[in-house]
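Worksheet for the structure shown next.
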Amino acid sequence: MATKGPRDEKSSLERFAAGLQEFYVAPYRRSFARARRDEDDLFMLLVFAETLGVPNPAACYTMELMPVLYERFHDWHRRMGMERSPLDHIGCC
Amino acid sequence: MSSIALMIVGLATMAAGFFFYSKFIAEKIYRLDPNFRTPAHELRDDIDFVPTNKFVLWGHHFTSVAGAAPIVGPAIAVIWGWLPAFLWVTLGTVFFAGVHDFGALWASVRNKGKSIGTLTGTVIGNRARNLFLVVIFLLLLMVNAAFAVVISNLLVANPASVIPTWGAIIVALCIGQAIYRFKVSLFWPSIIGVVVLYSLIFLGQSYPITLPESVLGLGPKAQWIILLFSYAGIASLLPVWVLLQPRDYINGLQLFVGLGLVYAAVLFSAPEIVAPAINHDVPAGTPGIVPLLFVTIACGAISGFHGLVASGTSSKQLDKETDARFVGYFGAVGEGMLALAAIIACTAGFATLGEWQGVYEKFGSGGVVAFVNGGGQILANGLGLDSGLGSTILSVMAILFAATTMDTGLRLQRYVVQEAAEIAGIKPMQKGWIATLIALGFCLALAFGAGGDGSGGMVIWPLFGTTNQLLAGLTLSILSVILIKLRRPAWFTAIPLVFLLVMSVLALLVQLKQFYEAENWLLLGMDIVILVAALWVALEAAMAMARGAEGTATVTEGGSR
């Protein structure tokens, strides 16, 4: 009869801990995702503030981040209630 | 009669329901397909739609649906004797709740994880969907008001539970900080949290706390109700990771520990049931067993609230369609087990019939306090604990259930107010704290409007049951329409549907008379709203079923597979 080695015991403990973690996290996963998205939206607003005509004292830093955020720009402007891209130089839609 | 026999028969019936009846339903009626691509896979976004291990999902589902209701309902209903409550809980779980919860999960999975609310609009019609929203709002309102009274009664009846009750908030706050701020792995905080929680029960036993006899003309019960609502208001405004999430979690762990303790104690002590099987000598003013039994015990026999959880969150996480049987049906069995434990505690936890009759001197006087005292005695006899300590353990268990539900309920009500304000374009009402104050105002109005000392929440308990059953009726009607449209036997959902609607309408009529005679205009108004909704549901369901039988109903593609 095969006996369980320490590795098996560890993995079942790990599985139990993972189950516990899932039990903790899952009911509130949606709330956290929403909060994170709201935070990201605010950050996006800061980065694109200058190009939207809002003076931004940190523009020289946030400007550098624009290429990184281009991919998410389309979803963001639609969430902000703008069907089409508000910026001429970004032809996302 | 020995309570062990009751426990074994009850658990065996529910086990047979799970192993045989649910298998039949899964294979012949819902026809689960292990190869069906569930929404968790098809629409996976790692937020709402995440394939989850069936045991973990069952844990979520069960702890989300389990609250104080499966304790309160049976604890009141044993006034008619233990047999009717026992039969309704066991057979209700097997033939009503299991099919209902399992069906809600199945219907949602077959329709891209849509909630019952959305399915109501699709399957029955928009009028029924609007009705659904009204019913949900009333249900939340009643839950908050009723649970505040349940907790306040327990805190007054058992001052030893004050320290562990409020201490549990500190334990939850510490777990939240440990997990998110200090990135500690969950395993140790869980163990330490449960140990500290139970240590606080010992501390509370040594330092019971009572409130002053009168503050501004308010007695201790009313003072607790105001304190509880103030706490719930603050808790619902805090970020969820700070309090609600760890509190839900620790409460879930405590549920498993508490349930295990009660059943183990019954097994070791085998207490005799002192209450009569059927109580022919009910106190004056006790309403008739039919229809009131079937709305007094809602959760634990069948509850519409479970359909909301099943279709709202559980369906989006189902890994395989065949897991629906375990998560949905066995989730209902978990509730039934809690209700069965409550029946045993309230009928076998007393020394003599006279003592039992002393507690059940009028309708509603037993309640959760009877569960705590009776169950405490059983814990004392079975596990050798001090009976006061046993009562405190169960008291804390019931309080934490009710408090967690209140926290979440108030938060949901706040969202409803904010959404309504957004639609109406009222800016100030969209602010979190103002919306919370408005939601609290509604709850307090109900709690104090229907009872001078804030006990109005308890007066409406049967009304809560009726509303809950009405919601279950709505879900069963959706299931019946889908089954009829699919040309499958619909008896298994239609019979419980008809039974529930008849009992709910009869109960509402009985209550209407009571509220009118008591000149309680607030509850009378609510009763009329719910009665109209119930009749409306019956009509809409009948029309939708007729359309389904003629083959003209609009059932979503997913449902017709």
Side-chain angles (χ1 to χ4, degrees), chain A residues 2 4-47 49 52 54 65 68-86 92-93, chain B residues 40 45-65 172 175-176 178-180 183-191 193-194 236 238-253 255-256 309 312-314 316-317 319 404 408 411-412 415:
Chain A
K4 280 190 174 181
R7 179 178 286 182
D8 290 331
E9 279 174 20
K10 193 182 172 193
S11 68
S12 55
L13 192 68
E14 275 174 355
R15 276 206 303 276
F16 177 72
L20 218 54
Q21 183 73 24
E22 182 64 20
F23 186 58
Y24 188 83
V25 169
Y28 290 91
R29 204 183 264 127
R30 189 183 198 172
S31 309
F32 289 125
R34 274 196 184 152
R36 172 167 288 180
R37 200 186 64 186
D38 289 348
E39 213 165 73
D40 286 349
D41 283 350
L42 187 64
F43 182 66
M44 191 79 102
L45 185 69
L46 282 174
V47 172
L52 290 168
V54 182
L65 295 168
V68 185
L69 300 176
Y70 276 158
E71 276 187 31
R72 284 190 270 153
F73 183 75
H74 178 67
D75 290 336
W76 177 72
H77 76 68
R78 285 174 70 91
R79 269 204 304 278
M80 293 299 113
M82 294 173 270
E83 267 306 300
R84 314 288 301 175
S85 167
C92 57
C93 51
Chain B
D45 59 3
D46 286 327
I47 297 170
D48 291 331
F49 296 88
V50 192
T52 304
N53 174 288
K54 71 172 178 181
F55 296 102
V56 173
L57 188 56
W58 177 82
H60 279 168
H61 182 79
F62 177 40
T63 50
S64 303
V65 297
I175 291 182
I179 305 290
Y180 284 101
K183 312 285 177 207
V184 179
S185 156
L186 191 59
F187 188 74
W188 288 110
S190 310
I191 295 191
V194 172
S236 74
L238 286 174
V240 289
W241 70 268
V242 174
L243 183 60
L244 288 194
Q245 187 180 28
R247 200 160 148 76
D248 275 0
Y249 174 73
I250 200 85
N251 200 28
L253 295 185
L255 165 65
F256 295 118
V309 177
T313 51
S314 304
K316 297 176 178 66
Q317 299 172 59
D319 186 21
T404 314
T408 316
R411 201 178 187 86
L412 290 174
Y415 292 149

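A, B, ... follow the sequence lines: proteins, then strands. Residue 1 opens every chain. Heavy atoms only: backbone and side chains are in, while hydrogens, waters and symmetry mates are out. As the structure is a prediction and not an experimental result, all values here were calculated from the model.
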- Query: Is it the backbone or the side chain of B:Phe49 that comes under 4.5 Å from a heavy atom of chain A, or both, or neither?
  - Reply: neither

- Give a yes or no on whether a salt bridge exists between A:Arg15 and A:Glu22, defined as a side-chain N under 4.0 angstrom from a carboxylate O. no

- Nearest non-hydrogen partners of A:Pro27 and B:His60, listed with the distance: CD-NE2, 3.8 Å

- Message: So for B:Ile179, is it side chain, backbone, both, or neither that comes closer than 4.5 Å to the heavy atoms of chain A?
- Response: side chain

- Query: Quick one: of B:Asp248, B:Asn53, B:Thr313, who has the most non-hydrogen atom pairs under 4.5 Å with chain A?
  - Reply: B:Asp248

- Query: Side chain, backbone, both or neither: which part of B:Thr63 has a non-hydrogen atom closer than 4.5 Å to chain A?
  - Reply: side chain

- Message: Can a donor-acceptor pair be found, under 3.5 Å and without considering hydrogens, that links the side chain of B:Gln245 to the backbone of B:Gly176?
- Response: no

- Message: Within this structure, what is the CG-CG distance for the pair B:Leu253 and A:Leu20, rounded to the nearest 0.5 Å?
- Response: 6.5 Å

- B:Ser64 portion near chain A, given a 4.5 angstrom heavy-atom threshold: neither

- A:Tyr24, A:Tyr28, A:Phe23, A:Phe16: which one forms the most heavy-atom pairs within less than 4.5 Å of chain B? A:Tyr24

- Message: With a 4.5 angstrom heavy-atom cut-off, is it the side chain or the backbone of B:Pro239 that approaches chain A, or both, or neither?
- Response: neither

- Measure from the side-chain N and O atoms of A:Trp76 to the backbone N and O of A:Asp41, and report whether any donor-acceptor pair falls under 3.5 Å. yes

